[in-house]
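Some notes on the structure that comes next.
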Amino acid sequence: MSHNVVIKDVEKKYGDFIAIRDLSLDIKKGEFFTLLGPSGCGKTTLLRMIAGFNSIEDGQILFGDKVINKVEAHKRDIGMVFQNYAIFPHLTVYENVAYGLKAKKVPKNEIASRVEKALELVQIAQLKDRKPSELSGGQQQRVALARAFVIEPGILLMDEPLSNLDAKLRVQMRTVIRKLQKTVGITTIYVTHDQEEALAISDRIAIMKSGDIMQVGRPEEIYKKPANIFVAGFIGTSNFINGEITKVLPNNTAEVRFGNDSTFIAPIKKDYTGKVIISARPEQLIFSDEGIQGKITISTFLGDFVNYEIEIDNGQTIELNEYTKDTDTVKANGEKVRISFNPSKIGLYNADTEEALSW
Ligand code: ATP
């Protein structure tokens with residue numbers, strides 16, 4: 001039976017260092033939930049607290065309505081997949097997957113049918129008699145996956161399970177994991193520092209920084225409406241341009257001034273005048289007859305789009321992506337251009353607090 005996971009005001013200290021600070025999350029039953037953040041932000045620490053390998057200094061973690069703070073790791077009803085596979089080298093694929101079921105004293109005939117089914121789900125049934133040394137990295141990771149969910153744990157925890165695989169295999173395996181998770185319907189908490197992987201695989205993502213949660217949301221929400229400058233910079237690419245809100249106008253709009261006296265009117269959710277940071281994704285900027293003046297410094301043809309680096313009139317360098325389906329020409333270095341954007345699509349952030357004003 002899959003559980004929801006509630007994390008309430010938890011804290012983790014290593015000596016005097018606070019690795020996790022007053023952190024709360026509500027993970028739904030059957031959800032694919034990802035902890036995403038740069039190296040050292042505390043993702044693994046939090047996952048290990050959920051698993052029972054790290055103590056919890058303050059707060060509570062609940063599986064369903066059961067507080068598990070003091071429950072030993074092996075009694076927490078979890079499956080785990082790590083980046084180094086952690087499968088037994090001396091056992092065959094079949095024996096590796098059967099291991100947890102034997103330990104749970106599941107009857108022999110039931111073990112056989114459950115292992116066969118698990119191996120079929122991860123598409124390695126034909127390899128069941130091989131030893132791990134006779135498998136590729138991707139196949140070994142499939143064994144680790146099958147072994148984790150064959151015991152039908154309430155929660156599946158995965159810590160960077162794909163980071164030892166090459167780029168192409170990572171993309172293939174994340175689809176395998178996603179499909180498997182949806183087929184089995186198991187609540188999954190997944191750790192990665194790879195933002196593209198997180199966007200591709202998750203129902204919801206928590207973005208972490210220095211032991212704090214910066215934002216929780218669906219991949220599209222996080223990409224389109226980053227809550228602060230950190231998230232806007234961490235997920236995808238964002239251009240940050242200095243500006244100022246000079247006037248709050250009726251109907252939740254404001255006048256924004258930037259560069260050499262350019263202005264535009266944009267929607268805002270919070271009344272504010274003062275310094276702002278304008279955040280625009282490269283694909284939100286377009287070449288136009290009017291708008292910010294600039295000069296192409298580098299153009300990079302990337303097949304489906306051309307990425308331009310452009311020095312704009314206030315001296316900042318920004319990136320613009322132009323899709324090749326929309327144009328037949330690639331602009332040359334040094335070419336003078338003008339750039340505009342749809343003011344209702346870009347993000348405005350308070351320059352002091354770095355929090356979003358637009359949503
Ligand atoms: P990565 O992506 O590099 O694995 P992470 O987000 O998983 O990073 P953690 O491993 O959770 O980060 O580490 C969070 C912080 O806690 C880091 O600053 C790390 O140096 C510190 N830390 C982790 N484990 C210990 C430990 N056993 N003792 C002291 N400090 C630790």
Side-chain angles (χ1 to χ4, degrees), residues 5-27 31-61 68-70 72-74 76 78-86 137 140-141 144-145 148 155-167 169-171 173-174 177 187-217 219 222 226-236 354:
V5 178
V6 179
I7 301 172
K8 270 193 205 161
D9 307 322
V10 296
E11 185 164 294
K12 174 76 203 164
K13 284 185 184 157
Y14 295 115
D16 287 342
F17 174 70
I18 302 177
I20 299 289
R21 188 179 309 107
D22 199 18
L23 184 149
S24 297
L25 283 173
D26 215 331
I27 299 164
E31 188 169 34
F32 199 119
F33 193 90
T34 297
L35 304 173
L36 171 69
S39 182
C41 70
K43 310 176 291 287
T44 297
T45 297
L46 182 60
L47 199 76
R48 289 175 61 86
M49 290 162 85
I50 300 167
F53 304 141
N54 269 352
S55 60
I56 302 166
E57 262 76 72
D58 205 356
Q60 283 185 330
I61 298 182
I68 51 88
N69 287 40
K70 299 269 183 273
E72 289 168 73
H74 68 278
R76 286 196 185 185
I78 51 168
M80 281 207 80
V81 184
F82 303 96
Q83 74 175 244
N84 59 2
Y85 321 134
Q140 290 185 43
Q141 196 51 290
L145 265 176
I155 296 153
L156 187 58
L157 305 178
M158 296 201 236
D159 193 353
E160 307 253 8
L162 306 182
S163 57
N164 278 349
L165 305 178
D166 67 47
L169 203 51
R170 270 209 305 270
V171 172
M173 280 304 290
R174 76 185 184 208
I177 292 178
T187 310
T188 300
I189 308 178
Y190 188 95
V191 161
T192 182
H193 64 271
D194 179 335
Q195 46 116 356
E196 188 191 302
E197 190 172 297
L199 291 176
I201 211 166
S202 319
D203 291 320
R204 282 192 309 153
I205 302 171
I207 312 271
M208 294 179 68
K209 180 194 171 195
S210 311
D212 289 321
I213 301 283
M214 296 281 105
Q215 184 171 7
V216 179
I222 285 185
N228 51 49
I229 289 285
F230 175 80
V231 176
F234 188 72
I235 298 286
E354 302 197 345

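Just follow the structure's listing: the first ligand is 1, and inside any ligand the first atom is 1.
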If hydrogens are left out, which of Arg48, Lys43, Met208 has an atom nearest to atom 2 (O) of ligand 1, that is, the closest non-hydrogen atom?
Lys43
Glu57 bridged to Lys12 by N-O distance under 4.0 Å:
yes
Heavy-atom distance from atom 31 (C) of ligand 1 to the protein below 4.0 Å?
yes
Examine Cys41 against ligand 1 and note whether any of their N/O atoms are separated by less than 3.5 Å.
yes
Of the non-hydrogen atoms in Val10 and Gln60, which two are nearest, and what is the gap between them?
CG1-O, 3.5 Å
Which residue owns the protein heavy atom closest to atom 23 (C) of ligand 1, what's the atom, and how far is it?
Tyr14 CE1, 3.3 Å
What atoms of ligand 1 come closer than 4.0 angstrom to any heavy atom of Thr45?
9 (P), 11 (O), 13 (O), 14 (C)
Test Leu46 against every option in Val191, Ile189, Ile20, Asn54 by the side-chain contact (heavy atoms from CB on, under 4.5 Å) rule and name the one that passes.
Ile20
Give yes or no for whether the N/O distance cutoff of 3.5 Å, strictly under, is met between Ser39 and ligand 1.
yes
Ranked by distance from atom 8 (O) of ligand 1, the top protein heavy atom is Gly40 N, 2.8 Å
Establish, yes or no, whether a centroid distance under 6.0 Å links the rings of Tyr190 and Phe33.
no
Consider every N or O of Gly42 and every N or O of ligand 1, then say whether any pair is closer than 3.5 Å.
yes
Calculate, to the nearest 0.5 Å, the distance between atoms CG and CD belonging to Leu162 and Glu197 respectively.
4.5 Å
How close does the nearest protein non-hydrogen atom get to atom 10 (O) of ligand 1, and which residue and atom is it?
Thr44 CB, 3.8 Å
Is any NZ, NE, NH1 or NH2 atom of the basic residue among Arg174 and Glu196 found under 4.0 Å from an Asp or Glu carboxylate oxygen of the other?
yes
Pair Glu11 + Arg21: basic N to acidic O under 4.0 Å:
no
Closer than 4.0 Å to some heavy atom of Phe17 - which atoms of ligand 1 meet that?
15 (C), 16 (O), 18 (O), 21 (C)
